[in-house]
Amino acid sequence: MSTDKTPLLPSQTSRKSYTLVIHGGAGTMSKAGSTKEQQMLYKAGLAKALHAVSILYNQDGEAMDAVVAAVTVLEDNPLFNAGKGAVFNVAGKNELEASLMLSKPPASHPEIPSSRRGLGLTLLTSTKNPSHLVRALYLSPSLAPHAFLSGETAEEIGESLGEILVDPSYFYTDHRWRQHRRGLGLPEDLPPDIPEPGPTFLSPLDQLPTGTVGAVALDIRGCIASLTSTGGRTNKLVGRIGDTPLMGAGFWAEEWNDNSGWVRRCWNKFRGYQGRRAVGVSGTGDGDVGVQATASTIAHRVRFLKQSLAVACASAVKDLAKDGGIGGVIALDNRGNGIIREDGVSKTAIFHDDVLEKS
């Protein structure tokens, strides 16, 4: 499931416009096995995420804040495998993961060194919105000087910064619990420590999901931010870590000088491009196969092989499939490649053969 919106503010060139692309995860879902009502619920959830970002961008927000705003909406929606809709592990518990990476430090926080590229979090059990936590820790290098943190340490630092922690029962939803029990071949009895069943609604499209939610945004300053959040895969082993929090595997963002050689300098000048190039990627799918650096491979194909972003993404996903991986990516560069539309109308789709429709 993916969606896009470009541009949200008028601009002179595509590299100065705002761009956003989000995904709701790649799972085991079937168009034939779904109803129009189910599809409408997913599209409404994606559209709500877009609308939250449009308000932020109209206030001249940054890419980092845009991806957090979008992913927060999806984490709060029990249809998606993140936050409130996270799947259960084999022990019937929720262990969440999230990651954030920027092509360059945010303009609103000039104290962040350029060497601080991003942060991955895993084994979270009490964080209401992992997207908020990963941003808070990224912006606090004195408290969280590392690129990868887990569990209680990350959550305790986050709580000291004002992040919201909840009782683990907050993440319970009937449909994810039933998926967990069904996947283990067990009766779909309710857990004893849940005081009452959660809200009932149409069952989700993804059965025994492996997907994530994510967003990649480009702001008017040329910064690209990538944020990914997930509950992991249904019935994963306790303590399992997927590709979502692993830098270069499930997420990536970088910037480099693209003015090498007089031919490229002339071409960039002719096209009106500055000498810097940036790419951001967020992945979804089977994280046990996606750990083979799929996200960074895409950026490196663009940087070193001089491939277009579309060719680089297609090549990396094809390589993933050769190894038995199921999933996909969303990606942007600072020239507006990835999704290009001039009308600024948000559009959504669910299945790979869907036509993007106005949301």
Side-chain angles (χ1 to χ4, degrees), residues 25 64 67-68 71-72 74-76 78 80-102 112 116-173 176-177 180 191 193-194 209-214 226-252 282-284 286-288 290-291 295:
M64 176 184 66
V67 292
V68 172
V71 171
T72 296
L74 301 179
E75 287 174 339
D76 291 342
F80 299 96
N81 179 20
K84 178 62 176 175
V87 300
F88 291 90
N89 64 19
V90 70
K93 306 295 181 182
N94 307 100
E95 292 180 321
L96 314 181
E97 299 177 329
S99 58
L100 172 68
M101 195 168 185
L102 280 68
I112 301 296
R116 189 166 175 81
R117 301 287 302 283
L119 181 67
L121 300 177
T122 190
L123 304 180
L124 306 175
T125 60
S126 302
T127 300
K128 181 177 184 292
N129 289 109
S131 60
H132 287 218
L133 179 62
V134 73
R135 175 180 57 180
L137 298 191
Y138 168 77
L139 293 175
S140 303
S142 62
L143 296 176
H146 310 299
F148 190 33
L149 285 171
S150 67
E152 291 183 7
T153 297
E155 293 185 316
E156 288 173 359
I157 296 173
E159 187 174 30
S160 74
L161 295 170
E163 294 305 309
I164 298 175
L165 301 186
V166 295
D167 186 88
S169 62
Y170 164 81
F171 302 107
Y172 173 84
T173 55
R176 296 302 191 204
W177 179 260
H180 154 65
D193 54 344
I194 298 296
T210 61
T212 67
V213 304
S226 171
L227 197 153
T228 312
S229 179
T230 187
R233 63 185 301 166
T234 305
N235 292 334
K236 61 186 179 181
L237 295 179
V238 176
R240 176 263 190 182
I241 298 171
D243 66 326
T244 293
L246 299 182
M247 194 175 295
F251 70 107
W252 190 255
S282 173
T284 177
D286 185 351
D288 289 318
V291 294

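Because only heavy atoms are used, hydrogens play no part in the values below, and waters and symmetry mates are left out as well, while side chains stay in. From a predicted model like this one, the values you see are computed outputs, not experimental measurements.
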Would you find a donor on one side and an acceptor on the other, under 3.5 Å apart, between the side chain of Asn81 and the backbone of Gly232?
-> yes

Hey, does Ile164 have a side-chain heavy atom less than 4.5 Å from the side chain of Asn129?
-> no

Quick one: CD on Glu152 to CG on Leu123, what's the gap to the nearest 0.5 Å?
-> 11.0 Å

Is Arg176 reaching over with its side chain to a backbone N or O of Phe88, donor-acceptor style, under 3.5 angstrom?
-> no

CG on Asp243 to CD1 on Ile241, rounded to 0.5 Å = 11.5 Å

Any side-chain heavy-atom pair from Thr127 and Glu163 closer than 4.5 angstrom?
-> no

Consider only side-chain N and O atoms of Ser131 and Thr72, and report whether a donor and an acceptor are under 3.5 Å apart.
-> yes

List the atom of Leu237, the atom of Glu95, and the distance in Å for their closest heavy-atom pair.
-> O-OE1, 4.2 Å

Of all the heavy-atom pairs spanning Gly158 and Leu137, show the shortest one and how long it is.
-> N-CD2, 4.1 Å

Side chains of Arg117 and Trp252: closer than 4.5 Å at any heavy-atom pair?
-> yes

Tightest non-hydrogen contact, residues Leu161 and Ser140, listed as CD1-OG, 3.4 Å

Distance only, no hydrogens: is a donor on one side chain within 3.5 Å (strictly under) of an acceptor on the other, for Thr230 and Glu97?
-> no

Assess whether side chain to side chain contact (heavy atoms under 4.5 Å, CB included) is satisfied between Leu102 and Met64, documenting all intermediate values.
-> CA-CA 7 Å; Leu102 280 68; Met64 176 184 66; 4.1 Å; yes

Closest non-hydrogen contact found for Pro245 with Leu121 is CB-O, 3.3 Å

Taking the side chain as every heavy atom from C-beta outward, state whether Leu227 and Leu100 have any pair of such atoms under 4.5 Å apart.
-> yes

Any sub-3.5 Å donor-acceptor pair from Asn94's side-chain atoms to Val87's backbone N or O?
-> yes

Residue pair Glu75 / Pro130, side-chain heavy-atom distance below 4.5 Å = yes

Given the rule in the side chain to side chain contact (heavy atoms under 4.5 Å, CB included) test, do Leu124 and Glu155 qualify, once you have shown the distances and angles that lead to the verdict?
-> CA-CA 7 Å; Leu124 306 175; Glu155 293 185 316; 3.6 Å; yes

Is there a side chain to side chain contact (heavy atoms under 4.5 Å, CB included) between Phe148 and Leu246 once you walk through the steps?
-> CA-CA 8 Å; Phe148 190 33; Leu246 299 182; 3.9 Å; yes

Taking Lys236 for its side chain and Gly242 for its backbone only, find out whether a donor-acceptor pair lies under 3.5 Å.
-> no

Ser99 side chain to Thr244 backbone, donor-acceptor under 3.5 Å | yes

Heavy atoms of Gly231 and Ala86 approach each other most closely as CA-CB, 3.8 Å

Nearest heavy-atom contact between Gly283 and Thr212 is O-OG1, 3.3 Å

State whether the side chain of Ser226 and the backbone N or O of Met101 hold a donor-acceptor pair below 3.5 Å, judged by distance alone.
-> no

Atom CG in Asn235, atom NE2 in His180: separation rounded to 0.5 Å?
-> 6.0 Å

Short question: side chain of Lys84, backbone of Tyr170 - any donor-acceptor pair under 3.5 Å?
-> yes

Can Arg240 and Asn89 be said to form a side chain to side chain contact (heavy atoms under 4.5 Å, CB included), step by step?
-> CA-CA 9 Å; Arg240 176 263 190 182; Asn89 64 19; over 6 Å; no

